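Fair warning: this is a prediction, and the values are worked out from it, not measured in the lab. Just follow the structure's listing: the first ligand is 1, and inside any ligand the first atom is 1. Numbering starts at 1 and runs along the sequence shown.
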Amino acid sequence: MIRTAYAVININALAHNVQQVRLAAPNSKIMAVIKANAYGHGLLRIAHALDGLVDGFAVARVQEGVRLRKAGLQQRIVVLEGFTEHDELHDLLHYDLEASLHSPHQLEILKNTSNAKRLGVWVKLDTGMNRLGFKAHEISDVYKQLSACEVVKKPFNFMTHFANADDKNDSKTAQQIALFHQWTANYDGEKSMANSAGILAWKDSLTDWVRAGVMLFGISPFADSTGEFVGLQPLMSLHSRLIAVRDVAAGETVGYGDTWTSSHDTKLGVVAIGYGDGYPRYAQNGTPVLVNGERVPLVGRVSMDMITVDLGLTSTAKAGDSVTLWGENLPVEEIAICSNTIPYTLVCGITPRVEIVESEHS
Ligand SMILES: *Cc1c(COP(=O)(O)O)cnc(C)c1O
């Protein structure tokens, strides 16, 4: 079958990227964060490939954890958003999933639950993200209440999350690290702080467990570098093909809204990919696209199923030729900058229409 829009996942790169996490955090256990369909790479594909390479998994939602258990994965699995309803707590217990505990609402549910099983808990501390978690003055009370909950496994664990770790010059991360150490010094249990940016840039944040997300997929957590630059190998590349090559005269416009007017006579390539596949609609004029391995600029607005590129007057490209939207020689980090977003949203945003193919070449 001829493939139109498809993503290739280089599954072998995972082992290399896990090794980079081990090198950066040699004394920590690795929790692989594979929420949001493993950042668009396929939850079960990635979980099976990581089985035996990492020490545990983290997901955002209960259902994601249940899928992992049903697929036979046996490592510890932490649900980062925890639970909001009784039924979710029941599933956590039934499937032996651990939960982030971040609110008094959850404490009430725990108090009113009795079960033969015990729930592994990660108390989330709000050291400055101000999204989820408890503040300093709440901790001793939470500790007392949790200690009294029969359904909670003892000792429970502690985690926090960074707001600005991707900015190596921001002083907030050092403050968050100091607060976390201070707040948890007198408590047993495992501790976890670092995300990918913490692992690579903030050595003081390396504790019992690190939570590696985006770097596992070979993507840099920093805006000013690519995965390759920080020693990682990207997993995903996105491809399609030209479906038409047309002549455009100087002065003609292309696409919805006439956002581009050709300054020259040229050949226009029409590529079968658009925001309906997850290619970013806000990619600007000039965003690089590889046609037969050569960089050409995106021109005109991204539509649902197609984009248009300026092939140049002397181009020999023709319908059927291959196109790469990101991948080798075209880092997804670069496309993110051209689209005023972050690479996380690009890989997460691949839609079900895009066929996913695995490659084992490195
Ligand atoms: C998503 C997430 C991570 C992983 O972050 P990366 O930047 O992808 O490494 C770690 N911890 C929490 C709480 C998260 O939500």
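- With sequence neighbours left out, the side-chain hydrogen bond (donor to acceptor under 3.5 Å, both in side chains) criterion links Gln176 to Thr127.
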Please walk me through it: do Asp208 and Lys191 pass salt bridge (Lys or Arg N to Asp or Glu O under 4.0 Å)? CA-CA 5 Å; Asp208 301 317; Lys191 321 244 161 91; 5.8 Å; no
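- Of all the heavy atoms in Leu14 and Ala49, the pair that sits closest is CD1-CB, 3.5 Å.
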List the steps and the verdict of ring pair (Phe, Tyr, Trp, His ring centres under 6.0 Å) for Tyr143 and Phe156. CA-CA 9 Å; Tyr143 186 89; Phe156 32 86; 5.2 Å; yes
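- Within 4.0 Å of ligand 1, heavy atoms belong to protein residues Val33, Lys35, Tyr39, Leu80, Lys124, His161, Asn195, Ser196, Arg211, Gly213, Val214, Tyr344.
- Sequence neighbours left out, not one pair with a member in residues 195-205 passes side chain to side chain donor-acceptor pair (under 3.5 Å).
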Pair up each side-chain donor or acceptor in residues 34-41 with any protein partner under 3.5 Å, not counting sequence neighbours, and list the distances.
| from | atom 1 | to | atom 2 | distance (Å) |
| --- | --- | --- | --- | --- |
| Asn37 | OD1 | Leu43 | N | 2.8 |
| His41 | ND1 | Ala38 | O | 3.0 |
| His41 | ND1 | Tyr39 | O | 2.9 |

